Amino acid sequence: MEYRNLRTLTHALLLLLCSWVASSVAVQQNLTDSAHNETKHIFKDIQSCWLGYTRNMSTVNSDNWCEWHHINRHYSNLRICLEDLAEILNLAFPNNIANNYIMMGHRTYFINCTLPFQELADPPEHILLALILAPISIIPFLVTLVVCKSKTTKPHT
């Protein structure tokens with residue numbers, strides 16, 4: 001009789017364990033599916049930022065891609081869109097995802113926008129002379145001020 005009760009109890013525990021494992025797997029599958037769906041949704045949002053940017057940049061003549069006043073609004077809109085998504089996702093900005101899209105924009109549209117190297121030149125002589133003589137001429141005034149101030153004060157005893 002005890003063997004039968006023990007066997008029934010073992011079967012009940014085994015069924016309970018199997019149902020718990022099955023429900024855990026189902027919960028894990030639901031979590032995985034929802035995380036996958038959320039990832040797809042985030043990717044669509046980021047893609048919409050990028051597609052909006054490329055659509056806006058297509059309205060700008062390629063000769064003007066290096067002119068800031070022509071692309072400023074479009075570039076700022078991309079940055080704002082990526083910032084807003086980062087805020088929604090509780091991510092810091094800039095982040096790797098946003099950085100990748102911004103760099104992709106630079107590689108796509110601004111690769112030939114390097115400024116020509118400008119050699120640095122000395123300032124005009126009259127400006128250089130003023131910058132040298134101004135501090136030098138202040139030194140005698142400051143020395144005179146310190147000497148006069150030390151003669152008028154009484155030493156502390």
Side-chain angles (χ1 to χ4, degrees), residues 9-146 149-150:
L9 182 62
T10 305
H11 282 274
L13 285 174
L14 187 59
L15 283 172
L16 183 64
L17 180 66
C18 288
S19 65
W20 179 78
V21 168
S23 67
S24 295
V25 168
V27 167
Q28 181 65 31
Q29 183 63 36
N30 286 340
L31 289 174
T32 303
D33 289 345
S34 66
H36 181 68
N37 288 338
E38 185 176 329
T39 303
K40 284 170 56 175
H41 179 69
I42 292 166
F43 182 73
K44 284 181 182 178
D45 288 343
I46 292 171
Q47 279 298 105
S48 70
C49 289
W50 176 251
L51 290 175
Y53 177 68
T54 56
R55 187 175 45 252
N56 290 336
M57 286 299 289
S58 69
T59 64
V60 178
N61 187 344
S62 62
D63 295 337
N64 296 327
W65 284 353
C66 297
E67 302 292 328
W68 181 245
H69 62 278
H70 287 287
I71 55 109
N72 177 17
R73 185 171 12 112
H74 310 311
Y75 192 83
S76 296
N77 288 342
L78 173 66
R79 184 186 47 80
I80 289 168
C81 183
L82 292 172
E83 276 183 27
D84 291 345
L85 280 174
E87 187 174 325
I88 290 169
L89 300 172
N90 291 325
L91 296 173
F93 186 85
N95 55 51
N96 286 340
I97 297 168
N99 187 46
N100 288 339
Y101 277 93
I102 289 171
M103 292 308 295
M104 187 167 42
H106 282 251
R107 284 190 299 271
T108 304
Y109 296 103
F110 313 125
I111 194 129
N112 296 321
C113 293
T114 56
L115 294 173
F117 179 71
Q118 296 176 347
E119 263 189 57
L120 298 176
D122 289 335
E125 199 170 299
H126 65 283
I127 292 177
L128 192 61
L129 198 58
L131 289 173
I132 293 171
L133 292 179
I136 292 174
S137 64
I138 292 175
I139 293 172
F141 172 74
L142 291 176
V143 170
T144 305
L145 185 65
V146 168
K149 189 69 176 169
S150 66

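Since we're looking at a predicted model, the values are computed, not measured.
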Handout entry: Shortest non-hydrogen contact from Leu131 toward Pro135
Key = O-CD, 3.2 Å

Completion exercise
Separation between CG (Leu78) and CZ (Arg73), nearest 0.5 Å, reads 14.0 Å

Handout entry: Enclosure of Gln47 CD (heavy-atom neighbours >12, cutoff 6.0 Å)
Key = yes

Exercise for the section: Give, for atom CG of Leu128 and atom CG of Asp122, the distance between the pair rounded to the nearest 0.5 Å. Expected result: 7.0 Å

Handout entry: Inter-residue atom distance Phe110.CZ - Met103.CE, 0.5 Å rounding
Key = 11.5 Å

Handout entry: Rounded distance [0.5 Å steps], CG in Asn56 versus OG in Ser76
Key = 11.5 Å

Exercise for the section: Using atom types as modelled and distance alone, determine if a side-chain donor or acceptor of Ser58 lies under 3.5 Å from a backbone N or O of Arg55. Expected result: yes

Problem - Gap separating the CG atom of Asp84 from the CG atom of Leu89, nearest 0.5 angstrom - result: 11.0 Å

Practice task
Report the relative orientation of the aromatic rings in Trp50 and Tyr109; use parallel for angles under 30°, tilted for 30 to 60°, perpendicular for over 60°.
Solution key: tilted

Completion exercise
Distance col, row Ile139:CD1 vs Thr144:OG1, nearest 0.5 angstrom, shows 11.5 Å

Practice task
Please check if the side chain of Asn95 supplies one atom and the backbone of Ala92 the other of a donor-acceptor pair under 3.5 Å.
Solution key: yes

Exercise for the section: Kindly say whether Ile71 contributes a backbone atom to a donor-acceptor pair with the side chain of Trp65 at under 3.5 angstrom? Expected result: no

Handout entry: Side-chain donor or acceptor of Asn100 paired with backbone N/O of Asn96 under 3.5 Å
Key = yes

Handout entry: Aromatic plane relationship, Tyr75 with Trp68 - under 30° parallel, 30 to 60° tilted, over 60° perpendicular
Key = perpendicular

